[in-house]
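These notes concern the structure reproduced below.
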Amino acid sequence: MAAPKAAEDWSFLDAALSRGRSGWSLLRERGPGQIQFWFIALLIGVGSGFTALFFRLGIDLLQSTLYRVEDVTRLSASTRDLPWIFFILWPTLGGLIVGLILYRFSPDGRVRSVAEVIEGAALREGRVEIRTGLASGAASLITLGSGGSSGREGPVVHLAAVIASWVNNRIAAKGITARDLLGCAVAAAVSASFNAPIAGALFALEVVLRHFAVHAFAPIVIASAVGTVINRWQFGGVTEFDLGSESALGFYIELPAFLLLGLLCGAVAVILMRSIFWTDDWAEAMRRRFNIRPWLKPAIAGAVLGLIALAFPQIIGVGYETTSAALTGELLLREAMVIAVVKCAAVAITMGGRMGGGIFSPSLMMGSLVGLSFGYIATAVFPDVSGTETLYALAGMGAVAAAVLGAPVSTTLIVFELTGDWQTGLAVMVAVSTSTALASRLVHRSFFLTQLERRGVQMSKGPQAYLLCMFRVANVMRKPDHDRAVPPDDVWEALEAGIYIDPNATLEAAMPMFQETARMWLPVVRMGEAGEAPQILGTLHHVDALQRYNRALAATAAEEHS
């Protein structure tokens, strides 16, 4: 009886394996079904949450080892007796390693962050560069662990997007499904990094997907909750910042002061963003002028940071220690103002010097310092109608961060969840609204969208602008054997008049040509080398381009309102 029983077991196992293989093949060919999608979204949330956790622990381990401190939350206070050489040695060596990593794995020598995730959601079917993304994560980890002055949230978001991209490739996910899985990864990463489930979900919707469609809300919330569970499993349910005493709004007559604070924070956010871009341009110009190897630039930036850290160790790392001191009023007016200026310079050197890290944590620190400074002045001038100066620090933290990120809703909620103070919502909202209104007029909506604009990706103008970049002329044109092809003589006549377009161009370049030439079609030509005849590949017709563009607009509108 044993032999038939064993044969029956093997038969059952073979059948199960066969069903598994057929199910995997079906998943790769057709994409996930509804039940499979929810399960995959949950797994992506788990992976992204642990990625954020390990990234944070990795930074802590590097900082505690290199700077000989036991509690990295007291880093600047614990390094005052450290030999001066370490302040210069570690960020310089870290910058050198970062430079070599990016020189080897990044085509343009830049780290990848939130901007590339936004681009991936809009233009790349919910995908980012996997190999370069992993290298960028390693570069950011080394930057922050060795003394760079930037944030950990941007790299974590991109690493989570790498996980989603890998999964999307494995299951052949496309369109809405791929973008929703990307949003799940981002939400889990942000919530695990901040212990902020509500803000994590809204950040993915507001900043990355850039819509609040109902179909995306539920899975993204689930993934965000998973990320929060992972954070609390390691760190408990405590908030990132302990305000000590409860802040309170003195009188409603004080609200105009928060309007002014918002305008000030908007201006500070613009200065922070433009200083990064200016430093990046200036450093690249100097590198080319003196023929400096690209991989040396982060090392030079690290050395400069080390010199600054000798006098201001507060710039090392993400800066949450200083942010917490500002929120609890432990800094004096002059101290807060000086550190804010120095921090702005340090962030510009770190990011402009092509080191790693993100902009979120620096903007929180800058905002708290600016808000505290404003609060000291406001409470001194109007002591009878004002609340505490720490309330201004809290509002300033949200106002600068919201203006930099271009995310007033999720940033406001992040401030509340980071501090646990929900009683000061009116003051924070007033400051956030005015800061984002001002900053959005002076830059391309946000730091991330301005980064993309500088690379020629028109995201800030909405889908009606960036969707044109998705279609290459070669994929829309009519070939010479098309049943409604243009006669060859007409094509050559247009070519001789200098009217043609390259097959690798996009519709973004083609549409203005239709308007300028008043033609209904353009020759698609690959120009040869000197002395070689041009190769006519086909014709791009205005009606075909419009049809493809209109279908993309309709699909985008349907996704955003589904």
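With hydrogens and angles ignored, the 3.5 Å screen pairs a side-chain donor or acceptor of S150 with a backbone N or O of G356. The backbone N or O of L66 lies less than 3.5 Å from a partner atom in the side chain of W90, making a donor-acceptor pair. At least one donor-acceptor pair under 3.5 Å links the side chain of S446 to the backbone N or O of L449. With hydrogens and angles disregarded, a donor-acceptor distance shorter than 3.5 Å links the side chain of S64 to the backbone of L61. Judged by distance alone, with hydrogens and angles left aside, the side-chain atoms of S78 form no donor-acceptor pair with the main-chain N or O of L75 at under 3.5 Å. Listed for the Q314 side chain is no donor-acceptor partner under 3.5 Å among the backbone atoms of A340. Between the side chain of S48 and the backbone N or O of G45 there is no donor-acceptor pair closer than 3.5 Å. Judged by distance alone, the side chain of S275 and the main-chain N or O of L272 form a donor-acceptor pair under 3.5 Å. In this structure, T350 contributes its side chain and S149 its backbone to a donor-acceptor pair below 3.5 Å. The backbone N or O of A431 sits less than 3.5 Å from a side-chain atom of S435, completing a donor-acceptor pair.
A 4.5 Å side-chain heavy-atom check between V404 and M366 finds every atom pair outside the cut-off. Counting heavy atoms from C-beta on, the side chains of V347 and M365 never come closer than 4.5 Å. In this structure, the side chains of L391 and F258 come closer than 4.5 Å at one or more pairs of heavy atoms. Contact check for Y392 versus T379: side-chain heavy atoms found under the 4.5 Å cut-off. In this structure the side chain of I308 reaches within 4.5 angstrom of the side chain of I349, judged on heavy atoms. Side-chain contact between L394 and V415 is present, with at least one heavy-atom pair separated by less than 4.5 Å. In this structure, the side chains of M286 and R289 come closer than 4.5 Å at one or more pairs of heavy atoms. Here the side chains of S140 and F55 are in contact, with some heavy-atom distance below 4.5 Å.
Scanning both residues, A283 and G352, for their nearest heavy atoms gives CB-O, 4.0 Å. Nearest heavy-atom pair, A139 versus L102, reported as atom, atom and distance to 0.1 Å: CB-CD2, 4.1 Å. Annotation for V162 and V128: closest pair N-CG2, 3.8 Å, computed over non-hydrogen atoms. Nearest heavy atoms, A185 versus A161: CB-N, 4.4 Å. Residue R354 comes nearest to D108 through the heavy atom pair NH1-O, 3.5 Å, listed as atom of the first residue, atom of the second, then distance. The heavy-atom pair separating G126 from S165 by the smallest distance is O-OG, 3.9 Å.
Listed by chain and residue number, S410 satisfy the side-chain hydrogen bond (donor to acceptor under 3.5 Å, both in side chains) test with E206 (two or more places apart in sequence, or in another chain).
Rounding to the nearest 0.5 Å places CG of L364 at 6.5 Å from CG of L418. Q63 contributes atom CD, which lies 10.0 Å from atom OG1 of T79 (distance to the nearest 0.5 angstrom). How far OG1 of T450 is from CZ of F448: 10.5 Å, rounded to the nearest 0.5 Å. Atom CD1 of residue I44 and atom CG of residue L182 lie 8.5 Å apart, to the nearest 0.5 angstrom. To the nearest 0.5 Å, atoms CZ (R56) and OG1 (T51) are separated by 15.0 Å. Taking CD1 of I276 as the start and CG of D281 as the end, the distance is 12.0 Å to the nearest 0.5 Å.
The only option from V428, L369, T419 that meets the side-chain contact (heavy atoms from CB on, under 4.5 Å) definition with M397 turns out to be T419. Considering E129, E119, H158 as possible partners of R112, the one that fulfils the side chain to side chain donor-acceptor pair (under 3.5 Å) test is E129. Under the side-chain contact (heavy atoms from CB on, under 4.5 Å) test applied with N231, the options L53, V226, N195 reduce to a single match, N195.
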### Query
Between F360 and V318, does a side chain to side chain contact (heavy atoms under 4.5 Å, CB included) hold up when you go through it step by step?
CA-CA 9 Å; F360 205 160; V318 297; over 6 Å; no

### Task
Please step through side chain to side chain contact (heavy atoms under 4.5 Å, CB included) for the pair I339 and T322, ending with a clear verdict.
CA-CA 9 Å; I339 294 175; T322 304; 4.2 Å; yes

### Message
Could you walk me through whether I316 and Y67 satisfy the side chain to side chain contact (heavy atoms under 4.5 Å, CB included) test, starting with their C-alpha distance in whole Å, then the side-chain angles of each, then the deciding distance to 0.1 Å, before giving a yes or no?
### Response
CA-CA 10 Å; I316 298 174; Y67 289 95; 4.1 Å; yes

### Query
Given R110 and D280, is the side chain to side chain contact (heavy atoms under 4.5 Å, CB included) satisfied, shown in steps?
CA-CA 11 Å; R110 300 175 185 270; D280 183 54; 3.4 Å; yes

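For R445, the CZ atom sits in a loose shell: 12 or fewer heavy atoms of surrounding residues, nucleotides or ligands are nearer than 6.0 Å. By the neighbour-count criterion of 12 heavy atoms within 6.0 Å, atom CZ of R74 is sparsely surrounded, having that number or fewer from other residues, nucleotides or ligands. By the neighbour-count criterion of 12 heavy atoms within 6.0 Å, atom CZ of F86 is densely surrounded, having more than that number from other residues, nucleotides or ligands.
For the residue pair Y320 / S361, a side-chain donor-acceptor distance below 3.5 Å is found, with atom types taken as modelled.
Checked against a 6.0 Å centroid threshold, the rings of F277 and F447 count as neighbours.
A salt bridge links R455 to E116: one of the charged nitrogens lies within less than 4.0 Å of a carboxylate oxygen.
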